[in-house]
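Residue numbers begin at 1 in each chain, while the letters A, B, ... track the order of the sequences. The basis for the numbers below is simple: all heavy atoms, side chains too, and nothing from hydrogens, waters or symmetry mates.
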2 protein chains.
Amino acid sequence: MDHKPVTIRDVARECGIALSTVSNALAGKPYVSKETRQHVKEVAERLGYRASSVARALRTNRSFTIGVLIADVANPAFPDFVRGVEDVAIREKCSLFVCNTDGDIERQIWHMQSLLGNRVDGMVLISQHVDDDRVRDLLDNGPPHVTLQRRSPRFDDDYVGSDNVGGITEAVDHLAELGHTRIGFVRGPMGSSTAQERLEAYRAAVSRLGLDADPELVFDGDYTMPTGHRAGRFFLALPRRPTAIMASNDINALGVIDAATEMGFDVPDDLSVVGLDDIALAAYGRINLTTIHLQKRAMGVAAAELLMKRVRAKRRGQSRIMTFPTHLVVRGTTAPPAKAPKPRS
Amino acid sequence: MDHKPVTIRDVARECGIALSTVSNALAGKPYVSKETRQHVKEVAERLGYRASSVARALRTNRSFTIGVLIADVANPAFPDFVRGVEDVAIREKCSLFVCNTDGDIERQIWHMQSLLGNRVDGMVLISQHVDDDRVRDLLDNGPPHVTLQRRSPRFDDDYVGSDNVGGITEAVDHLAELGHTRIGFVRGPMGSSTAQERLEAYRAAVSRLGLDADPELVFDGDYTMPTGHRAGRFFLALPRRPTAIMASNDINALGVIDAATEMGFDVPDDLSVVGLDDIALAAYGRINLTTIHLQKRAMGVAAAELLMKRVRAKRRGQSRIMTFPTHLVVRGTTAPPAKAPKPRS
DNA sequence: TTGTATGCGTTATCAC
DNA sequence: GTGATAACGCATACAA
C-alpha cells in the first residue's frame, strides 16, 4: 500500500460526473437528485474516499482542530480536563492537538506558534502562562481562546475556573472546626491566578476565624510532590509546628504526607492534610485523602463549549467567565489535633 | 482582533518582491541574496507572518502531524507513553493529535477516520485494537503506523513492546522465592497480545516452578480498578485462597489491595500483590507497590522514532519490532505467606 | 439538478 | 537571483 489517498476527483471520474456534484452530493446539499447522491455515496465508499480536512481547512478557513495546552499530562488532574474538552470536540467533529508545556513558557510559546501555524480554530489553555507579553501577542493575533484554571489579571479572556475561595474557605473551616489553630498553607506557583486566589482565601479564613496568622505558615511552592515533601519537612521542623496543612493540590499533599511519615508523624493524628483536585486515586483506600473536589471534566466541557461559541460567533464580544463550585470531601487525612504536640523524632 | 492570518503574499507585497522569492528566502534556499533574505525575514517578523501548515500540507503532502491513539488518558501509565512520543515529535517539528478511545473499537475507528482525514503523517496506536477488519482496512489504506503495547498476531506492524515474559517470570519467581505456591493471576483484556503473552509467561513459570496450576487461579479481567477489586474478592473468597496475586497492571493491583483490605486481609502479610507498569504513584509511601517496571517514556520515544523512519522512507520495508526490558521493583506489597491461612472474616 | 471556474496559501517548476 | 505560474484537494459562486 502506497497510501495515496483517493480524492474527490477520483470519485467524480469514477462516477462520470462533475467534481462539484460529488462535493455537493457528499455535503448533503438539497438540490442533488436521489440517484446521483446514492451513486456518489456508493462509489465514494467503494473507493475508500475520505475528504481531505487539510484541503477543506484551506478552502473554508476552518480547520476543525483545537489546540489544548496543558501543563503536565503526568499530573493526574489534567487528563480529566482534557477529557472534558474532548467530549465536546467529538460532538463538534473537531480534533485535538494536545501539547505539554511543563509549565515552561518557552515550551508553551513553541507549542502556541505551532498551533497557530496549524490554523487551529481555537485554543484551550489549561494552567498556562497568560500574562506574558509574547504569549499575549500570540493570543491577540490568534484564534479565540479560553483559559482554564489560570486567569490573566490584565486581560479579559474567556475563563473557566473553580470557586477557589469557596473551596479553601470550606477546607479551613473544616480544619478549624476540628480544633486546628495553626494551619500551614502551601501556595501554588507565583503567577498563577488560581494560586493567588487560594492564598487570599486562606488568609481571609484565618483572619475571620482568628487563627494563627504567622507568615511562616505560608510556604511558597508549586504543584509537585517533591515540593510537597519539602513543604512538609519545613513545616514540621518549625519550632511551633502547624497541626494541619492545606496543600496546593493532591500530588503536593501526598508529598507532605510522605515527609510527615518519614519524620515519624502520623497522619492524621499528628498532622492533618488537605489536598485539592480530588484525583481518582485520592479516594483509594491507602491514600484516602481529604481534599477539595474540582469538577474537572465538567470544566473541560464548559471551556470547550465557550470556545466553540466563540469560534462560531467570529465576533469578539464580551468575555465570559464561568466558575464551578467545589466541595470538600472529608476522608482520612484530617482529624482533631493531638492534645499535646508530639515531640520531634 | 479579527484573527486574519497574514500570508506570504502580504509579505511579498510589503517587500515589493515576488511571492516565490519570499518563499525561497524563508525556506532558506541557497540562491537568495543575503540582503533580500534579510529584508524578507524582517518584514515577515514585523508583520507576524506564520506559514500556514495547512497550505503547506496540501501542497507537499506532508502534514507534520502524528496521530496518537490511546486507550485511556486517565490511566496514569498512558501519559508516559505519550510523553515519549511527544519528545520526538517536538524534535521533528510535528504536532500530535491525541485521541482517547476508551478501548472502544467504534470510538477508535471514529478517531482513526478523523486522523486519516487530517492526513496525518503517521499514527501511533497505544494499546489499541489492531486485528479488527475495519481497523485493518484503515491501517492498510493509511499512512505508516506503529503499534505500542499491543500487537497483531496476523499482521506485521512495526511494534514496540516490553518483555512481558521476562517481567512476569521475574515476578512469579520472586513470589515463589518468598514461599508462595498458590498465585492468582488477573489477566488483561481478551484480544490484547500483551495480556496473552503475560498469561502464557505466568503459566510457564507456574509449571516450571511446580506451583499450583489450578485454573481457578486465573481471573479474566481488564486493566481497571473495579475489576481488580472484583478479582480480589473472587480470589479471597475461594475455599483455597491464593496467598499472592499477580495483577494485570498497577491500577488493577490497587483494586485487588482494596478488596483485600475490605475483607480484613492484610497486604502483604495475608496477601502479596504485584502490579505492572510502575506508575509514578506506585513508589508513593502509602501505596508502595511491588510492581514490574516498564520503560514507558522510552518506549514512546522508540515508537515515534520507528514511525518517523517509516514516514521518511515512504517504502513499506521489513517490519521492525522492539522489545524493552522490564524489571521487578520490590516494594512493600509482597512478603512471605502467613504460616497458617487467616480465617475468613 | 448539474457543470465550470475560481481561489484558499504554499511549494515547485521553469523561464527570465 | 528573481519572478510568473501551476498544482495540491476542496467548496462555492455562478452559468447552463
Side-chain angles (χ1 to χ4, degrees), chain A residues 2-41 43-44 47-65 93 114 116-121 143, chain B residues 2-41 43-44 47-65 93 114 116-121 143:
Chain A
D2 291 317
H3 161 49
K4 256 284 170 236
V6 14
T7 74
I8 200 171
R9 166 173 267 121
D10 299 323
V11 178
R13 192 161 29 217
E14 178 75 13
C15 289
I17 60 175
L19 178 158
S20 62
T21 302
V22 175
S23 176
N24 287 330
L26 261 23
K29 293 292 165 61
Y31 44 77
V32 178
S33 78
K34 262 290 171 245
E35 313 86 47
T36 306
R37 188 191 309 279
Q38 191 53 36
H39 185 219
V40 167
K41 280 191 172 169
V43 172
L47 263 44
Y49 169 72
R50 201 175 323 286
S52 163
S53 306
V54 172
R56 176 176 293 154
L58 181 60
R59 172 65 230 239
T60 62
N61 204 28
R62 178 100 156 69
S63 66
F64 286 89
T65 61
K93 306 197 178 326
S114 155
L116 293 186
N118 277 297
R119 299 295 189 262
V120 294
D121 292 336
Chain B
D2 289 319
H3 161 50
K4 256 288 172 233
V6 12
T7 75
I8 201 171
R9 168 172 265 121
D10 299 324
V11 178
R13 192 159 30 218
E14 178 74 12
C15 290
I17 61 176
L19 175 160
S20 55
T21 301
V22 174
S23 176
N24 288 332
L26 261 23
K29 292 294 165 61
Y31 43 78
V32 178
S33 78
K34 263 287 170 244
E35 312 85 47
T36 307
R37 189 191 307 280
Q38 192 51 36
H39 184 217
V40 166
K41 279 190 173 170
V43 172
L47 263 44
Y49 169 71
R50 200 178 321 287
S52 164
S53 306
V54 172
R56 175 176 296 156
L58 181 60
R59 177 60 229 236
T60 63
N61 203 30
R62 180 99 156 67
S63 66
F64 286 88
T65 61
K93 306 198 177 326
S114 156
L116 293 186
N118 277 297
R119 300 295 189 259
V120 293
D121 292 336

Euclidean distance, atom CG of residue B:D10 to atom P of C:dC8 [Å, nearest integer]: 11 Å
By side-chain contact (heavy atoms from CB on, under 4.5 Å) - contacts of A:T21 (at least two apart): A:I17, A:A18, A:T36
Nearest-0.5 Å distance, OG of residue A:S114 to CG of residue A:N118: 5.0 Å
Closest-nucleotide ordering on DNA chain D, the 5'-leading residue of B:P30 and A:V6: B:P30
Separation of C:dT11 C1' from B:F64 CZ (nearest whole Å): 12 Å
Separation of C:dG9 C1' from A:L58 CG (nearest whole Å): 5 Å
Sugar-phosphate only, base, or nothing, as touched by A:R37 at under 4.0 Å among non-hydrogen atoms: nothing
Name the atoms and distances for all side-chain donor-acceptor pairs under 3.5 Å in residues 47-57 of chain A, with sequence neighbours left out.
residue: A:S52; atom: OG; partner: A:V54; partner atom: N; Å: 3.2
residue: A:S52; atom: OG; partner: A:A55; partner atom: N; Å: 3.0
residue: A:S53; atom: OG; partner: B:G117; partner atom: O; Å: 3.2

Pairs involving residues 18-31 of chain A, ordered by first then second residue, that meet salt bridge (Lys or Arg N to Asp or Glu O under 4.0 Å) (sequence neighbours left out): none
Under 3.5 Å, which protein N or O atoms sit close to an N or O of nucleotides 14-16 of chain C? Give each pair with its distance.
none

Touch class at under 4.0 angstrom, heavy-atom based, for A:A51 against every strand present: sugar-phosphate
Test side-chain contact (heavy atoms from CB on, under 4.5 Å) applied to A:R9 - qualifying residues, sequence neighbours left out: A:T7, A:R13, A:L19
Position toward the 5' end of DNA chain D (nearest nucleotide), B:T36 or A:S52: B:T36
Qualifying residues under side-chain contact (heavy atoms from CB on, under 4.5 Å), relative to A:S23, sequence neighbours excluded: A:I8
Axis-to-axis angle between the two ends of the helix from C:dT1-D:dA16 to C:dC16-D:dG1 (five base pairs per end, rounded to 10 degrees): 40°
Nearest-angstrom distance from the residue atom CZ of B:R9 to P of C:dT11: 14 Å
Set of side-chain contact (heavy atoms from CB on, under 4.5 Å) partners for B:K41, sequence neighbours left out: B:L26, B:R37
Under-4.0 Å side-chain N/O to phosphate OP1/OP2 contact, A:S33 with C:dT2: yes
Touch class at under 4.0 angstrom, heavy-atom based, for A:S23 against every strand present: base
Which atom of A:N61 lies closest to which atom of B:K4, heavy atoms considered: ND2-NZ, 3.8 Å
Partner residues of A:D121 under the side chain to side chain donor-acceptor pair (under 3.5 Å) criterion, sequence neighbours left out: A:R62, A:S63
Nucleotide range of DNA chain D lying under 4.0 Å from chain B heavy atoms: D:dG1 to D:dG9
Within the sub-3.5 Å range, which N or O atoms of nucleotides 4-6 of chain C have a protein N or O partner, and how far apart are they?
residue: C:dT4; atom: O4; partner: A:S20; partner atom: OG; Å: 2.9

Nearest heavy atoms of A:E14 and A:V43, plus distance in Å: CG-CG1, 3.4 Å
Touch class at under 4.0 angstrom, heavy-atom based, for A:K34 against every strand present: nothing
Taking every non-hydrogen atom, the tightest pair across A:C15 and A:V40: SG-CA, 4.0 Å
